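Right, one structure below, let's go through it.
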Amino acid sequence: MRLAGLGGATRKEQTRDELLEAVRAERAARSGAKAKAKSVVVIQRAWRGYAARRRLRTTLVSEWAVSFGPLVAAPSSQIAATDVAGKLLPPFLFLLKVPAAPAAASGSAAAGKGAATSVSGASRAGGGGGSAGAAASAAAAAAAARDVVLLPPAGSPLSNMIRGTLALLLRTCTATEPRDSYLAMTVAAPVASPVPAAGMAPQAGTDVAGAQAAWLDQAWRLLATCCRLVCAPRQPAAAGGSGSSGGAGSVAPLTAANAAAAAATAPAGGDPVVDAAALRLAALLTDAAQWKFLAPGPGPQRTAAEAAAAQLRSRLAFQPQPLFAALARLLAAQQAQQAPQAQQAQAPTPQQQAAQQLQQQQLSRLLGLVLAVLQSALDLEQRGAAATAAGATAPAGSSTSTSSNSGATLNAEAAQRCLAAFAQLVLVAPQAVALVPADMQARLREPRVFAALCRCVRQLLRSRSLRAAPEAGWCLTNLLQLLLGPHMRGGVRPDAGGSSSSSSSSSSKAAAAGAVWVLAPPEAVWGASGEAATELAETAAALLAHMGSSRLVASPELSAAVAGLWPLGQRGLLLPLLTALEPRPGGVEAFTDLCCAAMDLGSRLASAYADSEVRAAGFPSVLNALAFSPALLPRLWKWLCYSLGLPRECPAAASRGLDVAALAGGYAGVAPRRARVLGLFCRVYAQLLLVLDDGEFYDLQQPLALAASRAVGTSLNSLVFHTYLPKPPPDGSRPPPPPAEGDPAFALLVEWAPRLLRALYERDVRRPYCQSLLWLAPYTEMFGSEDQPPPPPPPRRRPADDDDDDDDDFDPSAPAPGPDPAAARIGPFTAGTVLTSLMYGGTGGEEDPDEGRGGGGGGGASGSGAAIAAAAPALQTKAGEGCRPSSMAALMKATPQAVPFSRRVDLLRALLAEDKARGRWDRAPHAGGMQPIKVTIRRASLIEDAYAGLAQAGSGLKARLQVTFINEAGMTEAGLDFGGLQKELLERVVSAGLDANYGLFTSTPDGLAYPNPAAERIPGGLALLEFMGLMFGKALYEGILLPVPFAHFFVARLQGRQPLFDDLATLDPELHKNLLMVKRYEGDVSDLCLSFSAETDYFDTPVHHELLPGRGDEPVTNDTRLLYCHLLADWHLNGKLGPPAAAFARGLFHLIPQASLRLFNPREFNQLLSGAAADGPGGAGVAALDVADMRRYAKYSGGYKHDSTTVKLFWRVVAELTPAQQAALLRFVTSCSRPPLGGFRYLQPPLTLHKVDCDAGLFAAIGGRDVDRLPSASTCYNMLKLPNYRRAATLKAKLLYSITSGAGFELS
């Protein structure tokens, strides 16, 4: 059977997309074929051009050898100037022409790389300084590579042609006959017809102008070529003849390909003969005074010659790259030559000395040309400014105005290019200024020139031409050395002898023998208007900020670059600089920017070198230089007062104006640049206060008078307070937004304003110099002088007493005077809402009285907080929109002293109540609370039994203690413990722990307790101290007062702060006095035979301690005595006390968070711990009770009323008791001898007088038999069970017997 095909009828048709794709593919194939064909043509053309140029170069070299080669060897032969211009120079300039732009870019980059490699290799051989030179020099060489040429191999035909041509050019340029001098062509007289042909204009002027323009153009190309030849790298020997078909005389053309390949391995340094000739020729072309064909004296030819040389210098100013690139290469070559000698530390050989002398001569000659060009550039700029001023006075749109403006623009651009090239290629070279002759430095030091240089450096930063940190470091180092060179000294300072009583003067003697320092430069250095000072400050700040923002890698290069910045840490520079800047607008702000950038860079460098094996950079301590500079802080404060409207002084008796209105907006209300000045002031003042003793601060009143210090305190207090609680603007507008986090303008202020405020406040606490109202003025102004007292909590019933048979008349409806802690008012908020923000970062808005405590408010123990808060009236405040509970919480963390002490106590009580509620520590076990801790205590072994039963409880000690006492007879004391025995246990354990026989605590001469440093050497001493910390923590947690005030330096350690020098006066007044004598000793301190070591005795065992590890035998000198004083004080306050204090703190922090202790100063902490008794001298004594306050909040039951006869007798007797007897009475009733903090309204349960009805004789009131029964107490309810005595004498006798008997529950 035969199959028939379908002839493709079923084949799928091609879609439109497939068709278009096929068309595109065909089109791409055709385009590719055309591109390949074109590329072949281009390659062939380029190769033919390369071969043609190669042949041309070979031909030119050969023709030169025939035409001019013999003349080189004949010194007496001369060449006509026209032959020089028409026959000698054109091939020379052609053969040394820089490659075209694309080739030049790649070739010059390779050349720069080769030069950098060469210099780097030499520098690595020379150690750290050479390595630093390699880094900066390599960068300079890379920047200068655009105008470099490659010298042919030595001995090649082209090399001989270059040498010979330069020799002939020097011969013709130094000729005395005009016809033989190439330079005379610029002043040659024109040859013109005396009578021009009819109908034709004279052409003489035109011919002369054209000839002069042609000569100037050729002379400029010759000048640029001479600059490019200086220190040009040389091609390797194989590069000149590789692939040559012309034999030894052939020359490879200088294209991008062979330039890049040859320069990668080309050594730096060039040909000394070519360098000398090129520099001499460049100097001749630009200095008409050396043109020998000119007749002596003034004349038209000399004028024309000087104009021609000036035009060449101006041309260099417009295109300065070749000149400054040559200078950069020469400096790099000199660094590379000196590096091996520096490493070997050997005297140079005669050949090396000759080479160095020649190189120094070349450098001096080149620098002379550079300076002349710089001066031309500055003259152009000055003329441009004058032209601009002239154009401004001309009518708008006139030709005069247009031409003046265009000329001024060109002149300014020329100066900018010239100075920028000098800054980019010279200032970044290591120690470049040291190589500049003194007379040239003097001219560069002129204020106008120096200011222009600084502006160019900033322009380089803006254009990102300076990248690496070492480059910026060397640039700033060279600027400082250039400006301050004549004022830098070495050796021993002239003021190093003698001494001063002030710490700032003592610290200024830190410059030891061999150090370098800066004398204060005269005012003329900064210029008539201080322009140089402004430019230096702004440029230094920009360079330092650039270094700080760069990636800092610890390296010898960076260390060497940073080491040259030491003048920034010298008062000889900083104070005169501030003096010059103060009168100028923005001057103080510029000075601040400089100091802040330097301090920031110092911290970053310390971090970079922290974990590095490289030797750290010796960056100057700008902060210490500022802190110990006399009169600096008063000057800054005066400026701040004028700029911000702050009070310069605050009288001691001032009661108004303590809330500074200018700072009502907080940080946001201060302009950024002024905020930075204020931040610098705070940072420097805080640094100085670390070493400023009380004698200097209070007696000598350094650095500020006490009135000014009070003004600083009140200003910072207002600033910090209103940062968190700003006032609304007077015009009703919205307040400015707060500064962004991390804003560099506000960084110092935000960090150091609260710190300085705290430091000033702590000095006031230690020795008052401010009125007490000062710290609370903003709070009082905003929230009123009296806070609304919190309402009492709802009534609560008392559980049955253990032995109370006579309290049937107990009134359960009597309100308790102790308020709910969470309902207490702190400003317009309750303590609960502030606590919530403090603990959880809440940001709730200002609460409405009807809304209670804002979502729980931090939760007091009471469940009726909402009702209580609703009952409290809202305060009328002057706070702005930013007033929120979170703001108040942040304020109390930053500056707690700005809030009244009573309000901070309320916050602490709310915090502890919240902790009890969250942990259910305040609930009975049947209500889900924790089981009480049962402990049995023998009164004869209080500490031993308490330690055994409670030491391991840790934070579990927050639970209620159920105490059982065993009396002296071994009998269990009757009664149940509902809190009273717990209070008694704590008080007696603490009293026993303070016994000297245990050796756990000791005291200052004022009777303030602190842990015994020898406790760590007692077996189990640290464990006992930790247990004592638990006991004190339990007392604070339960609100139980203990008669044990602590030393202030110990409280500072508990708060996480380091005690300072003057705290030593509390610990050891005699040692503090001796150290002050050493600090202010007017003779040589080394005569006192002190060393950096300390001796102490532990139980008659001497212990030696080195204040400087490994340097204990180092003698103390005038330069190191300040360090010695502070190290010795630190060892006594922190070193010896460290382990015992840490052990006590561990126990305390199990129950009380450390952050809560920072709300109080040491005096206030002792009030928390010990009640209202003073904690100064005799602080452990007993203060008299406030009987009126005690009576005001007392309650009565069992039939007593406030006007009962026995009640009246009782209060009369209490008032007659001594303070010790009153304390015994209070202990008898409440188990605590101290009144509650804040008054008896905080005693919970309230003090209650319960009537015990007893029979007495009929005439008991007038001398008959009175009641025989003794008073008794229920301490868990703070209840005194008082029989109804008829006579005051009987009541007093029975009361004294009861409170002094020392009996327990048996007395009941």
Side-chain angles (χ1 to χ4, degrees), residues 60-96 160-192 204 207-227 229 273-313 315-316 365 368-369 372:
L60 291 176
V61 173
S62 301
E63 291 178 354
W64 181 91
V66 173
S67 302
F68 299 101
L71 299 178
V72 176
S76 59
S77 61
Q78 294 288 343
I79 307 176
T82 54
D83 293 338
V84 171
K87 298 179 180 180
L88 178 64
L89 277 178
F92 175 76
L93 297 177
F94 173 78
L95 291 173
L96 296 180
N160 295 334
M161 176 184 175
I162 293 174
R163 286 191 171 200
T165 302
L166 291 175
L168 293 176
L169 288 173
L170 285 176
R171 188 182 304 173
T172 184
C173 288
T174 55
T176 57
E177 294 297 329
R179 63 183 180 83
D180 297 331
S181 176
Y182 173 71
L183 301 176
M185 296 183 67
T186 189
V187 295
V191 180
D207 295 340
V208 170
Q212 290 181 345
W215 182 90
L216 285 173
D217 182 67
Q218 189 181 58
W220 158 247
R221 288 190 285 122
L222 176 60
L223 180 59
T225 301
C226 290
C227 293
L229 287 173
V273 176
V274 173
D275 293 344
L279 286 173
R280 174 62 176 156
L281 188 57
L284 286 171
L285 288 172
T286 55
D287 187 5
Q290 301 182 38
W291 295 3
K292 296 182 179 181
F293 72 90
L294 294 174
Q301 286 190 339
R302 182 169 295 277
T303 302
E306 291 176 352
Q311 288 190 19
L312 289 175
R313 292 196 301 269
R315 188 80 175 265
L316 269 179
R365 184 169 292 167
L369 179 58

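Residues: numbered from 1 along the sequence shown. Reckoned from all heavy atoms, side chains included, excluding hydrogens, waters and symmetry mates. This is a predicted model, so every value here is computed, not measured.
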Calculate, to the nearest 0.5 Å, the distance between atoms [atom1] and [atom2] belonging to [X] and [Y] respectively.
X    : Y    : atom1 : atom2 : value
Q311 : W220 : CD    : CH2   : 12.5 Å
T186 : W215 : OG1   : CH2   : 4.5 Å
L88  : T82  : CG    : OG1   : 11.5 Å
L89  : L168 : CG    : CG    : 10.0 Å

Residue pair [X] / [Y]: nearest heavy atoms and the distance that separates them:
X    : Y    : value
A308 : W291 : CB-CH2, 4.3 Å
A288 : A309 : N-CB, 3.9 Å
G86  : P90  : O-CG, 3.5 Å
V274 : R163 : CG2-CG, 4.0 Å
A184 : P178 : CB-O, 3.3 Å
A175 : Q78  : CB-OE1, 4.3 Å

Please tell me if the side chains of [X] and [Y] come closer than 4.5 Å, counting only heavy atoms from C-beta onward.
X    : Y    : result
P91  : M161 : yes
T165 : F68  : no
R315 : D217 : yes
L166 : L229 : yes

Subject >> Residues that A167 engages under side-chain contact (heavy atoms from CB on, under 4.5 Å), provided they are two or more places apart >> reply: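 For A167 there are no side-chain contact (heavy atoms from CB on, under 4.5 Å) partners, ignoring immediate neighbours.
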
**OP:** Applying side-chain contact (heavy atoms from CB on, under 4.5 Å), name anything that partners D83, two or more places apart in sequence or on another chain.
**Re:**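 Partners of D83 by the side-chain contact (heavy atoms from CB on, under 4.5 Å) criterion, ordered by chain and then number, come out as I79, A80, K87.
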
Whether [X] side chain and [Y] backbone form a donor-acceptor pair below 3.5 Å:
X    : Y    : value
S181 : E177 : no
W64  : I162 : no
R302 : A295 : yes
T172 : Y182 : yes

Original post:
Looking at L281, L285, T174, L284, which one forms a side-chain contact (heavy atoms from CB on, under 4.5 Å) with L169?
Top reply: L281

Subject >> Qualifying side-chain hydrogen bond (donor to acceptor under 3.5 Å, both in side chains) pairs with a residue from residues 278-290, counting only residues at least two apart or across chains >> reply: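 Qualifying pairs, neighbours excluded: R280-Q290, D287-Q290.
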
